[in-house]
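Here the structure is laid out as structure tokens; the discussion comes afterwards.
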There are 2 protein chains.
Amino acid sequence: MSDPAADARFLARNAAAVHPAGGLEDRLETARREGRPLRVKLGMDPTAPHIHLGHVVVLQKLREFQDLGHRVVLIVGDYTARVGDPSGRSATRPVLSGADIDANAETYRAQAGRVVREDPDLLEVRRNGEWLDMPMERFLALARIPKVAQLLERDDFSKRYAGGKPISLLEFVYPLLQGYDSVAIEADVELGGTDQTFNLLFGRDVQRAEGRTEQVVMTMPLLVGIDGTQKMSKSLGNHVGIAEPPEEIFGRTMRIPDELIATWAELLAVDLRSEPPDDPRARKRALARALCERFAGEGTGDAAQAAFDRLFRDGAEPEQIDEHPIPAGTVHLPAVLSDAFGVSRSEARRAIQQGGVRIDGEIAGADGLDLDADALRDAVLRMGKRRFVRLVREG
Amino acid sequence: MSDPAADARFLARNAAAVHPAGGLEDRLETARREGRPLRVKLGMDPTAPHIHLGHVVVLQKLREFQDLGHRVVLIVGDYTARVGDPSGRSATRPVLSGADIDANAETYRAQAGRVVREDPDLLEVRRNGEWLDMPMERFLALARIPKVAQLLERDDFSKRYAGGKPISLLEFVYPLLQGYDSVAIEADVELGGTDQTFNLLFGRDVQRAEGRTEQVVMTMPLLVGIDGTQKMSKSLGNHVGIAEPPEEIFGRTMRIPDELIATWAELLAVDLRSEPPDDPRARKRALARALCERFAGEGTGDAAQAAFDRLFRDGAEPEQIDEHPIPAGTVHLPAVLSDAFGVSRSEARRAIQQGGVRIDGEIAGADGLDLDADALRDAVLRMGKRRFVRLVREG
């Protein structure tokens with residue numbers, strides 16, 4: 001809590017937007033004057049316990065607030081998980097059981113702990129079941145706040161409505177409940193991705209209707225995944241999970257297009273200033289090492305890089321590996337080799353028997369030729385010294 | 001519970017619609033087979049305790065179900081009154097306090113007792129607060145049932161949405177709660193005006209989603225008020241209240257246009273078969289007498305008719321009285337007479353002093369010439385023997 005103007009500039013440097021403009025500096029100033037830390041809210045989504053770099057963009061921002069002495073309030077949406085948030089999705093989410101939600105929340109928290117500080121002065125974890133299990137009468141009073149037209153303006157709702165896809169009343173209830181979380185925990189600031197802008201701003205409406213000071217909303221850009229085109233998402237398979245082994249973090253990061261290096265570094269707060277500006281390969285390797293160090297532990301970056309290099313020790317550049325599609329279900333390895341490299345199945349079988357076929361650097365055994373396509377996804381298949389393909393899902 | 005087919009025909013004879021077609025006969029047949037009465041639901045609206053003939057159309061239908069041995073379940077919407085039903089309205093209703101709701105419900109029930117039988121085997125009065133004060137989790141599960149597009153198809157919602165008028169989320173919750181009432185009280189049949197069709201049919205959706213047998217929906221036409229054009233409504237002033245004095249019931253009924261006599265008789269179940277078919281005046285007087293007898297008590301019909309005739313004893317026909325608009329607030333009687341009859345104010349004052357001016361048959365005194373316009377509304381103002389006007393609100 002040093003200089004509010006400087007802190008606000010630092011925090012907002014890589015944000016997509018701050019609402020209202022100038023609000024963050026004002027709030028930081030208020031906190032300094034009152035000698036208290038800000039309460040910075042993030043709603044976690046316990047339906048998706050697999051944290052990837054897309055989540056890290058926001059978690060990293062929370063960490064920066066903590067480093068300035070502010071208090072992060074993580075909301076486990078155990079109640080709202082029963083509602084489902086359709087943000088950016090075309091279908092409603094499945095309902096989760098209480099036990100699933102508990103397990104997911106615990107996993108989420110453990111993973112988030114790799115980014116945010118767990119010092120109890122700087123981190124508060126709350127479950128919205130604490131306050132959302134309210135009397136119906138209280139809820140009915142709150143339900144006077146949102147207007148239907150306002151809800152239908154939300155991008156995904158308007159698209160689904162226009163496209164004749166169902167939106168349940170429950171989904172209209174969700175932004176209200178999420179907004180009420182801000183009232184309950186007295187949020188000064190709420191963070192989220194730009195796809196959450198509507199819900200975060202709506203929290204301000206609920207706070208105002210309840211006679212509270214409106215939170216400042218800070219949105220972060222959505223991280224593009226390793227495919228270089230779409231928002232990072234586990235369901236698209238273009239993600240880098242932070243709980244994955246360092247080799248996986250390294251290898252997947254190395255697949256991003258060069259144009260993404262600068263954005264990733266900016267949003268994930270990786271400092272590449274000591275790397276040569278004109279050498280994308282060196283910069284990307286430094287980025288990948290830094291992410292291993294941060295998420296898999298100190299010293300894992302160099303080791304992951306060495307493993308990556310061994311895999312490609314014959315000089316094949318990973319960027320040059322062609323993709324080879326395989327169907328879902330069980331695939332027969334000699335058939336895949338035959339298709340991928342234009343060899344006969346008997347040649348392929350012989351190569352396997354001679355230990356000349358590797359999957360992600362591991363020699364493929366001759367005793368299990370029928371393999372699960374899901375397990376092969378994104379694996380590098382190599383035959384002999386110079387033939388490589390990356391196996392991808394067909395279609 | 002005699003012949004299901006005959007009972008269904010009788011009950012449906014003056015209904016607007018029965019959903020599904022043939023459903024009522026089936027349900028009556030089921031009841032007979034199971035040796036139990038049907039449970040026939042009506043949601044009352046405790047925000048409007050002044051029951052008029054518009055409400056009687058539906059209450060009379062309930063009475064017919066009772067007369068066939070079935071059980072009426074009146075739902076006091078104490079919970080839903082906190083929500084407000086925008087049916088047929090362009091604005092949201094005010095929120096009522098618990099005490100207001102209690103008082104209104106008691107008034108409603110006392111008035112409804114003039115139409116329906118209060119025998120506890122035939123009438124059950126329930127408050128939906130009994131079951132709507134549910135845990136939030138239960139509500140959230142129910143909120144999965146309605147779809148936003150379906151709600152927006154409701155006539156008044158679609159008009160308000162298209163017209164840019166606000167619809168609160170709370171109003172979208174209302175049909176769900178009303179539908180859940182049908183689940184809670186195990187309704188076999190629900191009655192309402194045609195303006196309630198959406199909500200009543202929606203009850204079937206909620207019952208189906210909850211694994212219950214879907215209710216039969218019977219809608220009744222909306223009674224046109226004494227102005228001969230609009231749906232009867234207290235706020236339009238075209239109503240006949242059933243708790244009013246018999247002279248008022250008689251006089252206001254006499255004001256309906258002749259074309260309405262047959263519809264009123266049909267919807268209010270007044271038998272005019274013994275009246276001369278070609279004499280609208282006689283038929284209307286018989287209708288007015290019958291309504292007095294039913295709501296104000298036996299013997300009141302003839303007395304009210306006699307009072308009415310005294311008021312017009314000079315042979316002026318009430319149908320021929322012109323309307324004369326007066327402004328809101330306080331009006332000066334000599335000024336009104338001057339405007340209405342084209343006399344000077346001094347002539348008007350003289351007529352008053354001589355006892356030649358009557359308001360609804362009562363001689364107007366010379367000591368209070370400034371009168372409240374609201375109290376004069378619909379009154380017949382008479383000067384001398386042959387000059388009459390009916391005072392109405394300006395605009």
Side-chain angles (χ1 to χ4, degrees), chain A residues 77-84 86 92-95 97-98 101 128-154 156-158 160-177 179-180 202 205-206 209, chain B residues 77-84 86 92-98 101 128-154 157-158 160-177 179-180 202 205-206 209:
Chain A
D78 59 339
Y79 235 74
T80 40
R82 294 179 192 131
V83 182
T92 55
R93 288 191 181 173
V95 185
S97 74
I101 292 168
N128 63 10
E130 286 175 46
W131 51 83
L132 292 185
D133 189 13
M134 62 181 77
M136 269 293 283
E137 228 176 308
R138 180 82 181 93
F139 170 74
L140 294 180
L142 286 174
R144 294 193 164 264
I145 302 171
K147 301 296 176 251
V148 167
Q150 177 190 19
L151 290 162
L152 273 174
E153 276 167 20
R154 204 173 90 169
D156 57 326
F157 286 150
S158 68
R160 283 162 64 196
Y161 181 62
K165 292 190 180 125
I167 304 165
S168 80
L169 179 62
L170 187 51
E171 296 180 74
F172 266 23
V173 169
Y174 183 85
L176 176 61
L177 299 183
Y180 188 71
F202 191 69
D205 292 352
V206 182
Chain B
D78 59 338
Y79 236 74
T80 40
R82 293 177 192 130
V83 181
T92 55
R93 289 191 182 173
V95 184
L96 290 187
S97 74
I101 291 167
N128 64 10
E130 286 175 46
W131 50 83
L132 291 186
D133 190 14
M134 61 180 80
M136 269 293 282
E137 229 177 307
R138 179 85 181 92
F139 170 74
L140 295 179
L142 286 174
R144 295 193 163 265
I145 302 172
K147 300 296 177 254
V148 167
Q150 177 190 19
L151 290 162
L152 274 175
E153 276 167 22
R154 204 174 88 170
F157 285 151
S158 68
R160 283 162 64 195
Y161 182 61
K165 292 193 180 122
I167 304 165
S168 79
L169 179 61
L170 187 51
E171 297 179 74
F172 266 24
V173 168
Y174 182 86
L176 176 61
L177 300 184
Y180 188 72
F202 191 69
D205 292 353
V206 182

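Being a predicted model, the structure only gives us computed values, none of them experimental.
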Report summary line: Taken in chain and number order and not counting sequence neighbours, the residues that satisfy ring pair (Phe, Tyr, Trp, His ring centres under 6.0 Å) with F139(A) are F139(B)
Report task. Could you tell me which residues satisfy ring pair (Phe, Tyr, Trp, His ring centres under 6.0 Å) with F202(B), sequence neighbours excluded, listed by chain and number? Result -> none
**Report entry** From CH2 (W131(B)) to CE (M136(A)), nearest 0.5 Å
**Finding:**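 So the gap between those two atoms works out to 13.0 Å.
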Query raised in the report: What part of L152(A) gets closer than 4.5 Å to chain B, counting heavy atoms only: side chain, backbone, both or neither?
Result: side chain
Query raised in the report: Does any heavy atom of chain B fall under 4.5 Å from the side chain of L176(A), the backbone, both, or neither of them?
Result: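 It is the side chain, since no backbone atom gets that close.
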Requested in this report: Give, as side chain, backbone, both or neither, the part of L151(B) having an atom under 4.5 angstrom from any heavy atom of chain A.
Outcome: side chain
Query raised in the report: Hey, is E171(A) close enough to R154(A) for a salt bridge, meaning N to O under 4.0 Å?
Result: no
